[in-house]
Amino acid sequence: MLATLKADLHVHTCLSPCADDEMKPLAIVKQARRKGVDLIGICDHNSAANVAAARRAGSREGLAVLAGIEVSSEEEVHVLALFDTEEDLQEMQRLIDRNLSGENNPELFGEQHLCNEFDEIIGQDARLLIAATRLTVEEVVENIHRLRGLAIASHIDRESFSILSQLGFVPERLAIDALEVSPLCTVALARQRFPQTRDYPFVCSSDAHRLDDIGETTTTFTIAGACIEELRKALRCEDGRTTAG
Ligand SMILES: [Zn+2]
Ligand SMILES: [Zn+2]
């Protein structure tokens with residue numbers, strides 16, 4: 001049976017150096033529930049280290065949490081990678097780790113807190129998470145698909161770190177599953193401003209870096225369950241599945 005689910009597929013935790021310290025797993029889950037969100041994706045920059053804690057918090061509070069990461073490609077294009085399982089996400093993480101260099105300087109870039117599901121800080125991620133990987137955007141998308149994930153080009157309307165700001169266009173051969181608009185834009189406006197994107201499926205997400213941002217912009221999916229295959233079908237308008245921004 002199909003049901004409508006309100007999804008915010010792009011939420012950062014306090015692991016991202018640019019996110020507020022209040023963005024701890026349980027606090028995020030509770031805020032999403034308060035905002036009437038049914039499904040979130042945890043997508044920190046180049047690290048999945050807080051995903052397991054967020055999923056444990058989600059299962060306790062009754063919120064579906066997809067295992068995700070926001071990958072920075074070599075061209076500094078941000079791509080959301082969403083998976084059903086933490087095993088597939090960890091495989092993606094290993095690939096990223098082999099292609100990411102440098103150590104974080106917290107005073108310069110911000111803290112990168114590792115948390116448990118009770119919102120206790122249990123350590124710091126030492127990697128330079130804001131750096132670009134050595135993976136091209138094509139390699140990023142190919143590997144997401146190899147691992148059964150969904151690949152979404154982040155905040156295409158933004159003037160930095162988006163596929164349009166970095167490449168100027170969406171390469172035709174790129175098998176991207178959807179384009180995302182930030183809270184500063186709408187799907188209709190994006191299609192008007194960037195005519196090349198007219199035929200792509202779109203999602204709207206908050207790209208939350210603060211608790212107040214969560215659920216401010218969402219996509220409503222009409223699907224049979226909160227899993228990647230259902231989201232993929234909805235983006236392709238298959239079997240009665242649909243999306244609305
Ligand atoms: Zn981004
Ligand atoms: Zn982001």
Side-chain angles (χ1 to χ4, degrees), residues 7-25 27-28 31-32 35 37 39-51 54 65-83 89 92-93 96 99-100 104 109-113 115 125 127-133 135-137 140-141 144 149-168 170 174 176-185 190 194 197 200 202-219 245:
D8 187 350
L9 297 178
H10 187 168
V11 176
H12 288 266
T13 77
C14 53
L15 173 59
S16 293
C18 42
D20 273 8
D21 286 355
E22 63 181 13
M23 291 297 269
K24 298 199 171 79
I28 288 171
Q31 176 73 344
K35 291 280 191 78
V37 175
L39 167 66
I40 62 168
I42 293 293
C43 296
D44 283 307
H45 296 293
N46 292 325
S47 176
N50 275 346
V51 166
V65 180
L66 287 172
I69 192 163
E70 184 171 29
V71 189
S72 279
S73 78
E74 188 178 59
E75 308 90 341
E76 300 206 293
V77 174
H78 287 184
V79 179
L80 303 180
L82 294 163
F83 302 94
L89 176 62
M92 190 73 204
Q93 180 76 71
I96 290 166
N99 289 281
L100 184 68
N104 188 38
F109 304 118
E111 304 278 357
Q112 299 181 158
H113 300 298
C115 296
D125 196 322
R127 296 169 289 185
L128 184 60
L129 298 182
I130 59 149
T133 65
L135 298 161
T136 65
V137 67
V140 171
V141 172
I144 294 169
L150 206 61
I152 300 173
S154 304
H155 42 66
I156 64 139
D157 54 297
R158 277 182 38 187
E159 284 170 14
S160 52
F161 306 118
S162 88
I163 196 157
L164 297 180
S165 73
Q166 304 310 108
L167 305 183
V170 185
L174 190 71
I176 200 91
D177 295 299
L179 310 177
E180 178 199 67
V181 287
S182 80
L184 302 173
C185 194
F194 316 111
T197 67
Y200 286 89
F202 269 91
V203 296
C204 308
S205 334
S206 68
D207 192 6
H209 285 68
R210 304 174 310 133
L211 282 176
D212 283 347
D213 299 338
I214 297 171
E216 284 296 294
T217 309
T218 56
T219 306

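Excluded from the calculations below are hydrogen atoms, water molecules and symmetry mates; all remaining heavy atoms, backbone and side chain alike, are included. Remember, it's 1-based here, ligands and their atoms both numbered in the order they're listed.
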**Q.** Heavy-atom closest contact (Ala131 atom, Asn46 atom, distance)
**A.** O-ND2, 2.9 Å

Q. So, Asn50 side chain and His113 main chain: donor-acceptor pair closer than 3.5 Å or not?
A. yes

Q. Short check: any N/O/S atom of His45 below 2.8 Å from the Zn ion (ligand 2)?
A. no

Q: Confirm or rule out an N/O/S atom of His10, from backbone or side chain, lying less than 2.8 Å from the Zn ion (ligand 2).
A: yes

Q. Within Asp207, is some N, O or S atom less than 2.8 Å away from the Zn ion (ligand 1)?
A. no

Q) Is it true that Arg158 and Asp207 make a salt bridge, defined as a side-chain N closer than 4.0 Å to a carboxylate O? A) yes

Q. Which N, O or S atom name in His78 marks its closest approach to the Zn ion (ligand 1)?
A. ND1

**Q.** Distance in Å, Leu82 CG paired with His10 NE2, rounded so as to fall on 0.5 Å steps
**A.** 9.5 Å

Q) Hey, what do you get for SG (Cys18) to CD (Gln112), rounding to the nearest 0.5 Å? A) 9.0 Å

Q | Of the N, O or S atoms in Glu70, the one nearest the Zn ion (ligand 2) | A | OE1

